[in-house]
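Here is how names work: the chains are called A, B, and so on, in the same order as the sequence lines, proteins then strands, and each is numbered from 1.
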Amino acid sequence: MRVLGAVTVVALAAGLVAGLGLAPPEVTQGNVQRIMYLHVPSVWVAYVAFAVVFVASIAYLAKRADAADRLAHASAEVGVVFTGVTIATGSIWGKPTWGTWWTWDARLTSVSILFVMYLGYLLLRGMIDDRERGARYAAVLGIVAAFNIPLVHFSVIWWRTLHQPPSLMTPGPAMPRVIITALLVNFVAFSLLYVYFVAKRVHLLRREAEAAA
Amino acid sequence: MPDNWGFVLAAYGLAAVVLIGYWRMLVRRERDLEDRAGERSHAAPISGHPRSKPDSRTSIQ
């Protein structure tokens, strides 16, 4: 765990240097576009986290394995943290570029619904005293809530939004290599941070369960 | 081209506060759990009946 933590800190430092130092300011937005190196990896981690909740919830319902339940619980919590970071950084990015902190655009609204759904998931777990019943209800919600992920991702394509469409995977003028590299470094750093947080949280949940038994 | 470094620093600062805050919460909970486990192992009697505290014993007449 310590080694993973140390590697994560190094990767985050490299991401910070790449995003704030090495990458050039964007032609139209200027320096404020540097928020992308934080905002996009955050939402990526949130997607991965909730996809893990989906898979672990199915595994729990199929096998009633406590390890799958702990993984779903930990991943949902970390996903909520990263969704919060995504919304907050997006709002800060929106003010200088769109002229507003918030607008009820399809992407912003759908990601807020995602955030509230998984916050509800965590509240549900905390509200039910019977551990097995709580885990079962949470698994069902973890599966249902995951259907919101494609809705969030494709909202910018399906509806006319203020939020820009995905720029990495769509055909068009190629992004400068230095921008893509800085983004990739931050993707790796945030993914490592996700693994570190989930591993630590799963370990904590296991020890809490052992102490309660 | 506008500068807007203030917005960039606000975004990075806020993210750092949230992520470091979450990490600190995990570390604190882990430490609390270790403390409780330590207390429990100290409180448990080794074997047989627990001994009474000296000040609760009555003196022999």
- prompt: Quick one: which of A:Thr97, A:Ile35, A:Ile92, A:Val32 gives a side chain to side chain contact (heavy atoms under 4.5 Å, CB included) with B:Asn4?
  reply: A:Val32
field: Under 4.5 Å from a heavy atom of chain A, the part of B:Leu26 involved
entry: both
Non-hydrogen atoms of A:Glu208 and B:Leu33 that approach each other most closely: N-CD2, 3.7 Å
- prompt: Between A:Lys200 and B:Tyr22, is any pair of side-chain heavy atoms under 4.5 Å apart?
  reply: no
task: Keeping the roles fixed (side chain from B:Tyr12, backbone from A:Arg34), state whether a donor-acceptor pair exists under 3.5 Å.
output: yes
task: Run the numbers on A:Leu193 and B:Trp23 for side-chain contact (heavy atoms from CB on, under 4.5 Å), then give the verdict.
output: CA-CA 10 Å; A:Leu193 186 61; B:Trp23 172 73; over 6 Å; no
Side chain, backbone, both or neither: which part of [X] has a heavy atom under 4.5 Å from chain B?
| X | result |
| --- | --- |
| A:His39 | neither |
| A:Gln33 | neither |
| A:Tyr196 | side chain |
| A:Leu16 | side chain |

statement: So CE of A:Met1 and CD of B:Glu30: to nearest 0.5 Å the spacing works out to 7.0 Å
task: To the nearest 0.5 Å, tell me how far A:Leu205 CG sits from B:Arg29 CZ.
output: 7.5 Å
query: Please walk me through it: do B:Leu19 and A:Val81 pass side-chain contact (heavy atoms from CB on, under 4.5 Å)?
result: CA-CA 8 Å; B:Leu19 296 174; A:Val81 170; 3.9 Å; yes
Heavy-atom neighbours of A:Leu123 CG exceed 12 at 6.0 Å: yes
message: Using a 6.0 Å cut-off, check whether atom CG of A:Asp130 has over 12 heavy atoms from anything other than its own residue.
response: yes
field: Pick from A:Thr89, A:Val78, A:Leu38, A:Leu12 with the largest number of heavy-atom pairs that fall under 4.5 Å of chain B
entry: A:Leu38
